[in-house]
Amino acid sequence: MRSLLTDPAGAADARRPAADPGTLEGLAAVYAYPDAADRGVGTPWLRANMVASLDGAARWDGHSEGLSGTADKRVFGVLRALSDVVLVGAETVRSEGYRPARAREAFAAARAARGQAPAPAVAVVSRNLDLDFSAPLFTGPLVRTVVVTAEAAPAGARRAAAEVADVVVAGGEQVDMAAAVRALADRGWTRLLTEGGPRLLGQLAAAGLLDELCLSLAPLVVAGDAPRIMHGPQLAAAQRMELRSLLEEDGFLFARYARAGR
C-alpha cells in the first residue's frame, strides 16, 4: 500500500507522524484517532468506514463484501482494532451476518496501553429490535454487545435483548442518534466507528455527528439499483470534508476525510 499524497500525514493533520502504510503499525498511525478521543476524555470522534464501487454502489449482489478486496479488509481490520465500539444498523447486521469483533494479537499491547478491551464492542441500532438474539453476535462476544433502541420498542423484545446484551434507550418514538452517541461516550467509548449501513450513516450525518469518513473506492462498476453509502433525506446544508490521507493498492483507493475545521 502506498500514499498518493506528498505528505502522507496530510498538511491539515500535522500531528500525525509520517508512517509507512505498507505495515500494520504504519497503517494504524495513518488512521489514528485525534488526541482528545484517543485519551478517552469524553470527546467522542465518530468515523465511518464504507466501501463503494466507481459508480457509487454501496453493495454488489446485496452485500458490501462483493466490493471488498484484500487491502480493504486490512483497512477494515485496522479501523476496528483502533476503535472502542462499532456502531451498526440492524439491517446491516441481518444482511451481512454480523459476528462479534475479534481480538487481534498485533494490536493487543497498544489496546491495553490505551485502556481498551481486547476487542471493540458492537452496538446495534434497532428501533423495532427485529434481531436474532441467538446469533453469535449476542452469544459469543468478547465484549458484551450493546443494543441501542427507542422507548417505543416492543417491551417483549426489549426484555429479550436485555438477557443477552446491554440495552441503551435513546429517544422516544425513534432512536435519537445524538443521544445514542452520548450514551456510548459516557461509557468511555470515545473512539467510535460506524460501518453503516447507508441508512444509519445518513441518519448520523443528518444529526451532524459524522466527524470522519474513511472511504474505500473499489475499481469496479456494477450499475443496478444499490444504494449509495448514505441513504436518506438530503442534508439541510452540504457538509464540507477535508482530505487527510489517500492510499492505493491494487487499484483500490482509500481516502480519509475529516470534517472541515476538526
Side-chain angles (χ1 to χ4, degrees), residues 44-52 56-60 62-65 67-68 72 75-76 79-80 83-101 120-132 135 137-138 141 145-153 157 161 165-185 187 189-216 225-236 238-239 241 257-259:
W45 182 270
L46 176 65
R47 71 165 33 136
N49 181 35
M50 301 291 285
V51 62
R59 298 172 185 154
W60 166 245
H63 305 280
S64 61
E65 171 73 18
L67 301 175
S68 188
D72 179 56
V75 170
F76 176 93
L79 293 181
R80 280 198 165 194
S83 70
D84 296 320
V85 59
V86 179
L87 190 63
V88 63
E91 182 179 352
T92 297
V93 167
R94 291 189 294 265
S95 64
E96 303 283 351
Y98 254 61
R99 301 183 67 85
V122 174
V124 184
V125 179
S126 178
R127 190 274 188 202
N128 294 320
L129 297 178
D130 181 16
L131 298 164
D132 178 5
L137 180 61
F138 298 101
T145 295
V146 174
V147 173
V148 182
T149 192
E151 289 281 0
D166 290 348
V167 176
V168 171
V169 177
E173 286 298 318
Q174 303 295 331
V175 176
D176 181 329
M177 297 313 307
V181 168
R182 286 196 303 271
L184 296 175
R187 292 173 172 240
W189 294 343
T190 54
R191 311 166 189 89
L192 285 81
L193 170 67
T194 181
E195 295 167 354
R199 194 176 304 278
L200 175 62
L201 187 51
Q203 292 171 349
L204 291 166
L209 298 169
L210 182 64
D211 295 302
E212 181 178 323
L213 173 62
C214 300
L215 177 62
S216 300
D225 58 358
R228 300 184 302 171
I229 64 168
M230 289 190 195
H231 182 69
Q234 180 174 296
L235 302 186
Q239 181 175 316
M241 307 291 282
Y257 287 91
R259 190 190 310 198

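Bear in mind the structure is a predicted one, so any value in this text is a computation, not a measurement.
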Got a second to check how far [X]'s [atom1] is from [Y]'s [atom2], nearest 0.5 Å?
| X | Y | atom1 | atom2 | answer |
| --- | --- | --- | --- | --- |
| Arg182 | Asp176 | CZ | CG | 6.0 Å |
| His231 | Gln203 | NE2 | CD | 10.5 Å |
| Asp166 | Leu184 | CG | CG | 10.5 Å |

Take atom OH in Tyr98; do more than 12 heavy atoms of anything else shown fall under 6.0 Å from it?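 Buried by this count: over 12 neighbours within 6.0 Å.
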Is Arg199 atom CZ crowded by more than 12 heavy atoms from other residues, nucleotides or ligands, each under 6.0 Å away?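 It does not: Arg199 CZ has 12 such atoms or fewer within range.
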Side-chain donor/acceptor of [X] to backbone N/O of [Y], under 3.5 Å:
| X | Y | answer |
| --- | --- | --- |
| Ser83 | Arg191 | no |
| His63 | Ser95 | yes |
| Thr145 | Leu137 | yes |
| Arg259 | Gly208 | yes |

Side chains of [X] and [Y] in contact at under 4.5 Å (non-hydrogen atoms):
| X | Y | value |
| --- | --- | --- |
| Phe138 | Val147 | yes |
| Leu192 | Leu209 | no |
| Leu193 | Pro120 | no |
| Leu204 | Leu87 | yes |
| Val146 | Trp189 | yes |
| Leu213 | Ile229 | yes |
| Arg187 | Val168 | yes |

Which heavy atom of [X] sits nearest a heavy atom of [Y], and at what distance?
| X | Y | value |
| --- | --- | --- |
| Leu215 | Ala52 | CD1-CB, 4.2 Å |
| Ala150 | Arg127 | CB-CG, 4.4 Å |
| Thr92 | Gly196 | OG1-C, 3.7 Å |
| Pro227 | Arg59 | CG-NH1, 3.8 Å |
| Ala48 | Leu210 | CB-CD1, 3.8 Å |
| Asp211 | Met241 | O-CE, 4.2 Å |

Please step through side-chain contact (heavy atoms from CB on, under 4.5 Å) for the pair Cys214 and Val75, ending with a clear verdict. CA-CA 9 Å; Cys214 300; Val75 170; 5.7 Å; no
The test is side-chain contact (heavy atoms from CB on, under 4.5 Å); show your working for Arg80 and Glu195 and say whether it passes. CA-CA 10 Å; Arg80 280 198 165 194; Glu195 295 167 354; 2.9 Å; yes
Evaluate Val148 against Met177 for side-chain contact (heavy atoms from CB on, under 4.5 Å), listing each step before the verdict. CA-CA 9 Å; Val148 182; Met177 297 313 307; over 6 Å; no
Can you list the steps and then say if Leu200 with Glu91 is a side-chain contact (heavy atoms from CB on, under 4.5 Å)? CA-CA 9 Å; Leu200 175 62; Glu91 182 179 352; over 6 Å; no
